[in-house]
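To start, the structure itself, in structure tokens.
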Amino acid sequence: MLTRIDHIGIACFDLEKTVEFYTSTYGFSVFHTEVNEEQGVREAMLKINNTDDGGASYLQLLEPIREDSTVAKWLAKNGEGVHHIAFGTADVDGDAAAIKDKGVRVLYEEPRHGSMGSRITFLHPKDCHGVLTELVTSAAVEAPEH
Ligand code: V0V
Ligand code: CO
């Protein structure tokens, strides 16, 4: 079950400048930074609020680290802006399978490594009314048996 907005992914050309905007304009602070080699990004997570299921909601600021990364490709086409939304779930495997059964393309066979040790997968934007959609189980959650 999808229980919260985990994060909104925002693609940018310059991570430091974009972090500076979000911290100085709104007063958000950087909770975590990370390089994800597999996804071809470096990122800053700005925590917006805690949630009642023990998780939290973040802004995820993303800068590509390679020209062939999906975010670099998207930036070249669209410029900076909202790149994806991510829903939090205690069971990314189960929810991805159930959503796949409804005819939505799930991009990975198995969830991959995401921010802060989370497990993530993506749904194809063309099957989601133009929105690249990510499903996230945070590292703190024990995966249920399947
Ligand atoms: C592409 N399209 C999008 C889109 N990216 N539409 C909405 N939002 C996006 N972000 C559209 C694009 O305009 C095309 O539409 C069509 O999909 C095919 O796009 P493409 O440019 O030809 O690119 P593809 O097909 O090579 O790649 C698109 C997909 C790719 C979605 C398959 O971006 C992907 O695998 N994304 C998942 C991984 C990812 O994005 N990682 C970065 C975040 P038209 O022009 O044909 O109409 S990493 C992250 O979030 C982490 C680590 C985390 O949260 O922990
Ligand atoms: Co994300």
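What you see below is based on every heavy atom in this structure, not just the backbone, and it leaves out hydrogens, waters and symmetry mates. One-based numbering, in listed order, for ligands and for the atoms of each.
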Flag Q60 as yes if one of its N/O/S atoms falls below 2.8 Å of the Co ion (ligand 2), otherwise no.
-> yes

Can a donor-acceptor pair be found between the side chains of H32 and E43 at a distance below 3.5 Å?
-> no

Scan side-chain atoms only and decide if T51 and D53 contain a donor-acceptor pair under the 3.5 Å cut-off.
-> yes

Cluster check L2, V106: I/L/V/M/F/W/Y, side chain < 4.5 angstrom | yes

What is the name of the N/O/S atom in H7 that sits closest to the Co ion (ligand 2)?
-> NE2

Hey, is the main chain of D14 close enough, under 3.5 Å, to the side chain of T18 for a donor-acceptor pair?
-> yes

Report the relative orientation of the aromatic rings in Y22 and F28; use parallel for angles under 30°, tilted for 30 to 60°, perpendicular for over 60°.
-> parallel

Using 2.8 Å as a strict upper limit, say whether an N, O or S atom of E134 approaches the Co ion (ligand 2) that closely.
-> yes

E109 atom CD, neighbour heavy-atom count above 12 within 6.0 Å = no

Side chain to side chain, E34 and M45, heavy atoms closer than 4.5 Å | no

Are there any N/O pairs under 3.5 Å between ligand 1 and the protein, and if so, what are their distances?
residue	atom	partner	partner atom	Å
ligand 1	10 (N)	W74	NE1	3.4
ligand 1	10 (N)	H83	O	2.9
ligand 1	13 (O)	K77	NZ	2.9
ligand 1	15 (O)	K126	NZ	3.2
ligand 1	23 (O)	K73	NZ	3.3
ligand 1	26 (O)	K73	NZ	2.8
ligand 1	40 (O)	T70	OG1	3.2
ligand 1	41 (N)	Q39	OE1	2.8
ligand 1	41 (N)	T70	OG1	3.3
ligand 1	45 (O)	K77	NZ	2.7
ligand 1	47 (O)	K126	NZ	2.6
ligand 1	50 (O)	Q60	OE1	3.1
ligand 1	50 (O)	H84	NE2	3.0
ligand 1	50 (O)	E134	OE1	3.0
ligand 1	54 (O)	H7	NE2	3.0
ligand 1	54 (O)	Q60	OE1	3.1
ligand 1	54 (O)	Q60	NE2	2.9
ligand 1	54 (O)	E134	OE1	3.1
ligand 1	54 (O)	E134	OE2	2.7
ligand 1	55 (O)	Q60	NE2	3.4
ligand 1	55 (O)	S115	N	2.7

